[in-house]
Number of protein chains: 2
Amino acid sequence: MKNKVKELREQQGLTQAQLGEKVGVSRQAINAIEKNKFDPSIWLAYDLALFFNMSIEELFDFKESERK
Amino acid sequence: MKNKVKELREQQGLTQAQLGEKVGVSRQAINAIEKNKFDPSIWLAYDLALFFNMSIEELFDFKESERK
DNA sequence: TTTATATGTAAGGTTTACTTTACACAAAAT
DNA sequence: ATTTTGTGTAAAGTAAACCTTACATATAAA
C-alpha cells in the first residue's frame, strides 16, 4: 500500500533499522512496507502513525492503493 | 482490540452476517472482532471505519487495548 | 410446539505479516 | 584500496488473520 514512510523517515534522518527499532519491528519489515511489498498489521500502522504524529489514514493512502 | 463495531452495527440494525457482506468478510470474522478474539487486518479496519463513516482510530481503541 | 434467525465457538486449511539469517551492491568513510 | 554503512532481496520458519464447515444455544416467529 502506498505510504509516506520513506519520506518521513528520511526527513527525520533515520535509517530503516533505526525506525524499525523505534516501532519494534525488523529493518526488513520497514523496507517491505516502504517498497510496498506487504501491508502493515494494524498495530504497526498505528505505531508508525503515532511515531510520525499523524493518523493512519494520513500515513497510508488507502484510496490510491490496490488491495492485495 | 476494543472497538465500537457491535454498538454501531446494532444502531444500523444489521446482523453480523450482513455487516460481513458489506465489508467483504465472513460473519465469523465480524464476530471475532466484536468479541475481541483477534485484531482486524488494516484493510478490514479501514473498510469498517469507512462503512461507519469514521476514522480507524475512532472505531478502534488502540490506547485502551492490549497488544496481542 | 416447531421452525427460522442470530449469535458463539471450534476445527482444519490458506494466506500473509512478520522473524532471523544470509548475501549482493552501492556509496561513504578511513 | 579497504572497510563500514545503508539498502534491497531471498529463504525458511512462525503467528495470526482470515476462510469454510459444522454444531450448540437462545430467542422470535409461525
Side-chain angles (χ1 to χ4, degrees):
Chain A
M1 172 162 37
K2 284 174 68 176
N3 64 82
K4 302 178 180 161
V5 172
K6 180 171 185 173
E7 306 101 274
L8 292 165
R9 173 179 63 80
E10 288 175 344
Q11 278 176 28
Q12 307 241 9
L14 295 176
T15 68
Q16 293 178 344
Q18 286 170 336
L19 178 56
E21 275 179 42
K22 301 260 187 195
V23 297
V25 297
S26 67
R27 74 169 185 90
Q28 286 83 347
I30 300 296
N31 185 276
I33 284 160
E34 288 188 358
K35 306 290 293 184
N36 199 9
K37 291 290 188 65
F38 57 67
D39 298 326
S41 71
I42 195 169
W43 276 108
L44 178 51
Y46 174 72
D47 288 334
L48 287 167
L50 199 63
F51 180 79
F52 290 123
N53 204 32
M54 59 183 62
S55 71
I56 295 175
E57 289 91 341
E58 279 177 299
L59 184 55
F60 295 93
D61 189 353
F62 295 92
K63 309 208 174 182
E64 299 301 324
S65 298
E66 28 160 357
R67 216 172 216 89
K68 285 182 181 169
Chain B
M1 174 164 33
K2 285 174 68 176
N3 64 81
K4 302 177 179 162
V5 172
K6 180 172 184 172
E7 306 101 273
L8 292 166
R9 174 180 61 80
E10 288 175 344
Q11 278 176 27
Q12 308 240 10
L14 295 175
T15 68
Q16 293 178 344
Q18 286 169 336
L19 179 56
E21 275 180 42
K22 301 261 188 193
V23 296
V25 297
S26 68
R27 73 170 186 89
Q28 286 85 347
I30 299 296
N31 185 276
I33 285 161
E34 288 188 358
K35 307 289 293 186
N36 200 8
K37 291 289 188 63
F38 57 69
D39 297 326
S41 71
I42 195 170
W43 276 108
L44 178 51
Y46 173 72
D47 287 335
L48 286 168
L50 199 62
F51 181 78
F52 290 123
N53 204 32
M54 59 184 61
S55 70
I56 294 175
E57 290 91 341
E58 279 177 299
L59 185 55
F60 295 93
D61 190 354
F62 294 91
K63 308 207 175 184
E64 299 300 323
S65 299
E66 28 161 356
R67 220 173 213 86
K68 283 182 181 169

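Here is how names work: the chains are called A, B, and so on, in the same order as the sequence lines, proteins then strands, and each is numbered from 1.
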Review point. Checking A:D39 side chain against A:M1 main chain: does a donor-acceptor pair fall under 3.5 Å?
Key: yes
**Study point:** Short side-chain to backbone donor-acceptor contact, B:D47 and B:G24, under 3.5 Å
**Key:** no
Point to revise | Selected nucleotide, minimal atom distance to B:K35 side chain, candidates D:dC19, C:dA17, C:dG8 | key: C:dG8
Practice item. Side chain of A:P40 only, please: which of C:dT7, D:dA17, C:dC18 is the nearest? Key: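 Output: C:dC18.
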N/O (side chain, [X]) to phosphate O (OP1/OP2, [N]) under 4.0 Å:
X     : N     : answer
A:Q16 : D:dT5 : no
B:N31 : C:dG8 : yes
B:R9  : C:dT7 : yes

Nearest whole Å is fine: how far is [N] [atom2] from [X] [atom1]?
X     : N      : atom1 : atom2 : result
A:R67 : C:dT15 : CZ    : P     : 18 Å
A:I42 : C:dT16 : CD1   : C1'   : 16 Å
B:R27 : D:dC19 : CZ    : C1'   : 13 Å
B:L19 : D:dC18 : CG    : P     : 13 Å
B:I33 : C:dG8  : CD1   : C1'   : 15 Å
A:Q18 : D:dT7  : CD    : C1'   : 13 Å
A:L44 : C:dT19 : CG    : P     : 8 Å
B:F38 : C:dA10 : CZ    : C1'   : 13 Å

May I ask you to say what [X] touches in the nucleic acid, namely base, sugar-phosphate or nothing, with a heavy-atom cut-off under 4.0 Å?
X     : value
B:G24 : sugar-phosphate
B:S41 : sugar-phosphate
B:S26 : base

Review point. Step by step, would you call B:L48 with B:F60 a side-chain contact (heavy atoms from CB on, under 4.5 Å)?
Key: CA-CA 10 Å; B:L48 286 168; B:F60 295 93; 4.1 Å; yes
Practice item. Confirm from the modelled atom types if A:E34 and D:dT7 form a donor-acceptor pair under 3.5 Å, side chain to base only. Key: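 Under the 3.5 Å cut-off, the side chain and the base do not form any donor-acceptor pair.
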Check your understanding: Do B:Q28 side-chain and C:dT7 base share a donor-acceptor contact under 3.5 Å?
Key ->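 When only heavy-atom distances are counted, B:Q28 does not reach the base of C:dT7 through any donor-acceptor pair under 3.5 Å.
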Exercise for review: Scan A:K4, A:R9, A:R27 and name whichever one has a salt bridge (charged side-chain N to carboxylate O under 4.0 Å, His left out) with A:E34.
Suggested key: A:R9
Check your understanding: When rounded to the nearest 0.5 angstrom, what distance separates NZ in A:K22 from CG in A:L50?
Key -> 13.0 Å
